[in-house]
Amino acid sequence: MDGRNGVADLFSDAVDLNGVTIMPGHLDRRAQEAMLDDLRAVAKAAPFRQYETPGGRQMSVRMTAAGARGWVTDRKGYRYAETSFDGSPWPDIPASVLTVWRQVSGVDRDPDSCLVNFYGEGARMGLHQDKDEADLHWPVVSISLGDDALFRVGGVETPTPSKSRWLKSGDVAVIGGAARLAWHGIDRIKFRSSDLLPEGGRVNVTLRMAG
DNA sequence: AAGTACCA
DNA sequence: TGGG
């Protein structure tokens with residue numbers, strides 16, 4: 001085991017960041033625009049909202065989801081929920097998003113959860129582990145759209161030492177294998193560094209098996 | 001418990 | 001700006 005995801009070998013320009021595989025420029029502009037259209041439809045059905053952490057602090061990132069389960073948080077804790085806060089089921093995961101999972105995840109089962117995170121000006125996400133999923137052997141796939149984002153990846157046991165890299169629109173990352181529980185976060189974005197979103201900001205899509 | 005401030 |  002070299003600490004990378006096996007799928008990295010299929011992509012010649014893959015970059016390793018503490019065991020997380022990044023595929024720069026995986027999606028071309030046309031694919032990014034098509035996916036963004038699909039995500040706007042998701043957000044229309046299940047609007048972005050700002051969640052509160054169990055400690056009572058507001059997250060700067062706005063979130064929604066698609067698929068059977070979406071991640072939510074409030075003062076009671078983090079959890080996956082089968083409905084959004086208004087009680088309606090999450091929209092279906094768009095086909096454009098599932099296509100990316102099938103290309104890079106290295107597994108033959110489709111994800112049941114697609115989290116959609118919007119980073120406006122000044123938004124960030126502190127270092128954390130994705131460990132609320134029922135079975136931690138499935139990978140997590142992350143797709144970046146819009147503004148550049150400084151992605152930080154630490155270790156599996158501890159957040160530090162960490163390495164960082166600027167993610168660009170169209171980059172795809174796989175958090176799996178030995179790095180599945182790696183600490184990771186977004187230090188900051190370069191607001192309006194991309195013109196994909198006319199309103200500015202970054203959309204991050206993550207695919208996973210939650211249940 | 002997915003937060004910031006702040007330091008070099 | 002990177003990092004603890």
message = In whole Å, I'd like the distance from the NE2 atom of A:His184 to the P atom of C:dG4.
response = 18 Å
ask   = Run the side-chain contact (heavy atoms from CB on, under 4.5 Å) check on A:Met209 and A:Asp135 step by step: do they pass?
value = CA-CA 8 Å; A:Met209 294 292 332; A:Asp135 181 344; over 6 Å; no
inquiry  = Output the rounded distance in Å from CG (A:Asn18) to P (C:dG3).
reply    = 11 Å
message = Taking A:Asp147 first and then A:Arg188, would you say they form a salt bridge - that is, a charged N and a carboxylate O separated by under 4.0 Å?
response = no
message = Output the rounded distance in Å from CG (A:Asp187) to P (C:dG4).
response = 11 Å
request  = Give DNA chain B the dot-bracket treatment, 5' to 3': Watson-Crick (N1-N3 with N6-O4 or O6-N4) or G-U (N1-O2, O6-N3) under 3.5 Å, [ ] crossing, | other strand.
outcome  = .....|||
key: Pairwise distance CD(A:Glu33) to OG(A:Ser169) - rounded to 0.5 angstrom   = 9.5 Å
ask   = What does A:Asn117 touch in the nucleic acid at a heavy-atom separation under 4.0 angstrom: a base, only the sugar-phosphate, or nothing?
value = nothing
task = Classify the side-chain pair A:Asn204/A:Ser142 by whether it contains a donor and acceptor separated by less than 3.5 Å.
result = yes
task = For A:Gly55, report the nucleic acid contact type (base, sugar-phosphate, nothing); a contact means any heavy atom under 4.0 Å.
result = nothing
key: Residues A:Asp130 and A:His184: side-chain donor-acceptor under 3.5 angstrom   = yes
ask   = Does A:Tyr119 have A:Arg202 sitting over its ring (NZ/CZ under 6.0 Å from centre, angle to axis within 45°)?
value = yes
query = Could you give the start and end, 5' to 3', of the contact zone on DNA chain B for chain A, using atoms under 4.0 Å from its heavy atoms?
reply = B:dA1 to B:dT4
ask   = How are the rings of A:Tyr78 and A:Trp71 set relative to one another: parallel (under 30°), tilted (30 to 60°) or perpendicular (over 60°)?
value = tilted
query = So how far is it from A:Ser105 OG to A:Arg208 CZ, rounded to the nearest 0.5 Å?
reply = 13.5 Å
